[in-house]
Amino acid sequence: METIITYNAVHHAAWGTPITVYFWLVGASAGSFVLSAFGWVFGIKRYKPLALTASILAIVMLMIVPVLLIWDLGKPFRFIYLMLPGYWHGTAPMSWGTLLILSYPISMFVYTYFVIKNDQKWAKIVGIIAIVLALSTHWYTGVVMELNPGRYLNHTPLAPLLFLTGAFISGIGLMILVLWIQNQFTRPEKRIKWELMEEMAQYMMYGIVFDFFLLFLDFMQTQYGTASEYLAHGTVLMEIFFTPYIWLEVVIGLLIPLILLVTPLKHTRIGVYGAAFLVAVGVYGMRIWWVMGGQYIQSFY
Amino acid sequence: MTTESKQTSPAHALREYGSQTPGTKGIPGKRRYSMVIDLRKCIGCMSCVVACKAEYGVPLGVWRTWVMVADKGRYPNSRRIFMPRLCNHCDYPICVRNCPTQATFKHEEGFVLQRYNRCIGCRTCVVACPYNARHFLPAKRTNNNLPVLVVDKCTFCIHRVKKGLVPACVQACVGGARIFGDVNDPKSEVAKLVAREKLTVLKPELGTSPSVYYIGGDWEIMDEPHNYKHRTAQQKEEFNTYKRNHHGDAFGDIVEGENTMYHVGKNMSDFLASIPHKFFDVVAALKKLLFA
Ligand code: SF4
Ligand code: SF4
C-alpha cells in the first residue's frame, strides 16, 4: 500500500547565497595564496614576481568574507561571542572556523610584509604558517556542512578535498586573469612572462582532472548509497540543481577548460585566459549545489 | 559516563562529546523526560499545534510542533494516518554539539533548550538538526518583548513541567495520544509504555537517540526519501509557494521548476535588503553598551 503525504510543515533552507559566495571567496583566496607561496616558500624562483600580486589578491578576497558572514548572522553585533571564552564551543566546527578566519589574514599580512621587505628567511617561515592556515581555512568550509550526518549530500569525507581542489583551480584561474590585467598596465620588462601563465594553466589542468575524479567518486557513492544519498544526487542535483551542477560546474567550469587545456589551444591566449575565466566562474556552481542542494530535500521532511 | 548508561545505549556511548551534558537515558537517580506518541490514538485534530502556537506565540510559517498527514492505500481501501512532529530532545543532540556559542544546550533532565541572549542567529543548529525541529524567528513580531532573529525550538514546555504540569500539546491532545513523563522512573506511564510497546523513533541510524517515541509508526511516513518522493501535487505547490514567497533573512530557498540561478540571485538581494535593519540593531546594541 502506498502512502501519499497530504500535509506536512515546510521549512526554509537556513543558509543561502552569502554562504556560497563566502565559500567561493575563501577558496579563491587560498588558491591564489598557494601560488604566492610557490616562490617564497617552495623556492621556485620564477614565481617570485607574482607573489605580491597573489597575496594582495588573497587578502582582498578575504576582506569581503567577514562582511558576508557577520551580516548573515541574525544578530551581527554578537559575532564577538564566537571568540569569547565561556561562549566558545570546542566541538562546533564553526568555532574552529572562527579561529582560522581570524588567524589566516593576520598571517597573510605578516607574510606580505616580509615579501615587500624582501626578507627571504622570515617570508618563508611565516609563509609556511600562512599556507597551513590557508588550506585549513578552506578545509573548514568543506567540513562545516560535512559534519552534519543528517545532510546526506554533504556528509562525505570527500568534502574537504572537493573544496580544496576547487580552491586550487579557481585561485589559479583568478590569478591568471589578474596577472593579465596587471600586464596591461606595466612596462614590458616588468610583465609576467607568458611561459609562466602557460605553466600555471597546466597546473590548473591537473587540478581539473583531479576534480573530475572526485566528482566521479561522489557520483558512485551516491548511486550505490542509501536511499537518501541516491535521492540527493539523482533528484536534487540532477533535476533541481541541474544548472549549477551540470552546466556551471561540470560543463563551464571543468569540461570546456579541460578541452581548452589539452588541445593545442593551450598555447594560445584564448585557450589560457578563456580556461582561467571559465574555471573561476564554474567553481561557484559547486558552492551553490553544495550549500543549497544539501539543504533542499530535508526542508520538506 | 557511567557503566549503566553504557549498557543502556552502547551504540551511542561515544557520542556525548559536545553535548555538554552526558546522555541521561537509563541512568538511575536521574530524570529523563521523554514523550511517547501513540499514533493509534491520534485523530489529526491539530489541537496540539494550536496549543503550542498559543503558548508561545509561535510566528506564522514556523512550527515548534506540527502534525504530518498521509493517505495510505487507494480508495476504497484507504486510510488517513497522522504523525505529530516536534524536537526529539535527543540524548546526543547534533544541534548542541555544533552550536558555536553554546546558546543551545542540554539540560540534565533531558530538555534541549535555547538561550536567546547567547544565540547569534548563525543557524548552524538548524542545518545540524536532522529533524527540522528548529526555526529562525522573523525580524518583526507582534509582541515586542519576544525574541527576534534568533533560533527557536520546542522546549518540552520546561516552564510548565517545572510546575508539575504536562507540556501544552500533551494537555491539549484530545485523543490522549501524547504521553509525557520521566522515562527513568519505572512507575511513570512513559516508562511502562517504553517497556511494553513496540516503539520506533525517527532516523535512529543517526545516533541522536531521540526521546520522542512513536507507537504504531508507519515506515513510509517516517522515511525522508519516501516523503519527498510521494507528495500530492497540492503539497508540492504549497512547498514551492512557501519557498517563493519567503521574505525572511538570507534563506537559501530554491523553487522547483523555476530558474535556480534566479533564486540564487534573489537570495542575495534578500540578504542585502536585510542589512539596513540589522545595522540599526547593531547601532542600538552599541548605544545600550555605551550609554545604558
Ligand atoms: S531534534 Fe533536532 S533540535 Fe531537537 S535535540 Fe535533536 S538535533 Fe536538536
Ligand atoms: S543559531 Fe544560535 S543556537 Fe543555533 S548554532 Fe547559532 S548560535 Fe547556536
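The figures that follow rest on heavy atoms only: side chains count, while hydrogens, waters and symmetry mates do not. All chains are named by letter (A, B, ...) in the order of the sequence lines, taking the proteins before the strands, and each is independently numbered beginning at 1.
Other residues, nucleotides and ligands place no more than 12 heavy atoms under 6.0 Å from the CH2 atom of A/Trp247. Counting heavy atoms of neighbouring residues, nucleotides and ligands inside a 6.0 Å radius, atom CZ of A/Phe212 exceeds 12 of them. Heavy atoms of other residues, nucleotides or ligands lying less than 6.0 angstrom from CZ of A/Phe242 number more than 12. For CG of B/Leu60, the number of neighbouring non-hydrogen atoms (other residues, nucleotides, ligands) closer than 6.0 Å is 12 at most. By the neighbour-count criterion of 12 heavy atoms within 6.0 Å, atom OH of B/Tyr242 is densely surrounded, having more than that number from other residues, nucleotides or ligands.
A donor-acceptor pair is defined here as one N or O able to donate and one able to accept, closer than 3.5 Å; such a pair exists between the side chain of B/Lys243 and the backbone of A/His11. Side chain of B/Tyr131 to main chain of A/Tyr301: no donor-acceptor pair is present (N/O by atom type, distance under 3.5 Å, no hydrogens or angles).
Residues B/Trp66 and A/Asn8 are in side-chain contact: their nearest non-hydrogen atoms beyond the backbone lie under 4.5 Å apart. The side-chain heavy atoms of A/Gln298 and B/Asn132, taken from C-beta on, include a pair separated by under 4.5 Å. Looking at heavy atoms from C-beta onward, B/His226 lies in side-chain contact with A/Thr3 at the 4.5 angstrom threshold. Here the side chains of B/Arg80 and A/Thr6 are in contact, with some heavy-atom distance below 4.5 Å. Between A/Phe79 and B/Ile120 the shortest side-chain heavy-atom distance does not fall below 4.5 Å. Counting heavy atoms from C-beta outward, B/Asp71 and A/Glu2 have side chains that stay 4.5 Å or more apart. At least one side-chain heavy atom of B/Met268 sits under 4.5 Å from a side-chain heavy atom of A/Leu68. Contact annotation: the side chain of A/Tyr284 approaches that of B/Val264 to within less than 4.5 Å [non-hydrogen atoms, C-beta and beyond].
Contact count against chain B (heavy-atom pairs under 4.5 Å) is highest for A/Ala92 among A/Gly294, A/Gly150, A/Pro93, A/Ala92. For the set B/Glu256, B/Lys229, B/Arg118, the count of heavy-atom pairs under 4.5 angstrom toward chain A peaks at B/Arg118. The residue among B/Met68, B/Arg85, B/Glu224 with the most heavy atom pairs within less than 4.5 Å of chain A is B/Glu224. When B/Gly257, B/Gly61, B/Ala103, B/Pro130 are compared by the number of non-hydrogen pairs under 4.5 Å with chain A, B/Pro130 comes out ahead. Among B/Val49, B/Asp218, B/Val96, B/Thr232, the residue making the largest number of heavy-atom pairs under 4.5 Å with chain A is B/Thr232. Of the residues considered (A/Leu82, A/Thr91, A/Ile80), A/Thr91 shows the highest number of contacts with chain B, using heavy-atom pairs under 4.5 Å.
In this structure, the portion of A/Thr235 lying under 4.5 Å from any heavy atom of chain B is its side chain and not its backbone. Residue A/Leu73 touches chain B through both its backbone and its side chain, counting heavy-atom pairs closer than 4.5 Å. The contact between A/Tyr152 and chain B is made entirely by side chain atoms (from C-beta outward), counting heavy-atom distances below 4.5 Å. Contacts between B/Gln102 and chain A at a heavy-atom distance below 4.5 Å involve backbone atoms as well as side-chain atoms. Looking at A/Ile240, both its backbone and its side chain come within 4.5 Å of chain B, counting heavy atoms on both sides. Heavy atoms closer than 4.5 Å to chain A are found in both the backbone and the side chain of B/Phe279. Of the atoms belonging to B/Tyr116, it is backbone heavy atoms, and not side-chain ones, that fall under 4.5 Å from chain A. Interface residue B/Ile81: only side-chain heavy atoms are found under 4.5 Å from chain A. With a 4.5 angstrom heavy-atom cutoff, B/Met261 touches chain A only via side-chain atoms. Residue B/Arg134: no heavy atom, backbone or side chain, is found under 4.5 Å from chain A. With a 4.5 Å cut-off on non-hydrogen atoms, B/Val67 touches chain A through its backbone but not through its side chain. Looking at B/Thr260, the atoms closer than 4.5 Å to chain A (heavy atoms on both sides) all sit in the side chain, from C-beta outward. Looking at B/Asn259, there are no atoms closer than 4.5 Å to chain A (heavy atoms on both sides), in backbone or side chain.
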Inset, instruction - Determine, step by step, whether B/Glu238 and A/Val10 satisfy the side-chain contact (heavy atoms from CB on, under 4.5 Å) criterion, reporting the C-alpha distance in whole Å, the side-chain angles of both residues, the deciding distance to 0.1 Å, and the verdict. - result: CA-CA 8 Å; B/Glu238 261 177 38; A/Val10 283; 6.0 Å; no

Inset, instruction - Any chance you could lay out the side-chain contact (heavy atoms from CB on, under 4.5 Å) test for B/Val148 and A/Lys75, step after step, and finish with the verdict? - result: CA-CA 9 Å; B/Val148 294; A/Lys75 301 278 181 191; 3.8 Å; yes

Inset, instruction - Take A/Met94 and B/Asn98, measure what side-chain contact (heavy atoms from CB on, under 4.5 Å) needs, and give me the verdict at the end. - result: CA-CA 7 Å; A/Met94 193 173 277; B/Asn98 284 13; over 6 Å; no

Legend entry - Residues A/Ile5, B/Ile221; criterion side-chain contact (heavy atoms from CB on, under 4.5 Å); working and verdict: CA-CA 7 Å; A/Ile5 309 297; B/Ile221 198 173; 3.9 Å; yes

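The minimum heavy-atom distance between A/Arg151 and B/Val127, with the atom names listed, is NE-O, 2.8 Å. Contact record, B/Lys278 with A/Trp71: NZ-O, 2.7 Å, taken as the closest heavy-atom pair. The minimum heavy-atom distance between B/Val282 and A/Pro76, with the atom names listed, is CG2-CB, 3.9 Å. Between A/Phe77 and B/Ala285, the shortest heavy-atom distance links the atoms CD2-CB, 3.4 Å.
The CD1 atom of A/Ile19 lies 9.0 Å from the SG atom of B/Cys122; values are rounded to the nearest 0.5 Å. The OG atom of A/Ser228 sits 13.0 Å away from the OH atom of B/Tyr228 when rounded to the nearest 0.5 Å. Put simply, CG on A/Asn148 and OG1 on B/Thr124 are 8.5 Å apart, with the number rounded to the nearest 0.5 Å. Annotation: the span from B/Asn267 atom CG to A/Trp15 atom CH2 amounts to 14.5 Å, rounded to 0.5 Å. Taken from OH in A/Tyr87 to OG1 in B/Thr101, the straight-line distance is 8.5 Å, to the nearest 0.5 Å.
Side-chain atoms of A/Thr17 and B/Lys266 include no donor-acceptor pair closer than 3.5 Å.
A parallel orientation is assigned to the rings of A/His12 and B/Phe251, their planes being inclined by less than 30° (bins at 30° and 60°). Classified by interplanar angle (parallel below 30°, tilted 30° to 60°, perpendicular above 60°), the ring pair A/Phe300/B/Phe239 is perpendicular.
The cationic atom of B/Arg231 (NZ for Lys, CZ for Arg) does not lie both less than 6.0 Å from the six-membered ring centre of A/Tyr7 and within 45° of the ring axis.
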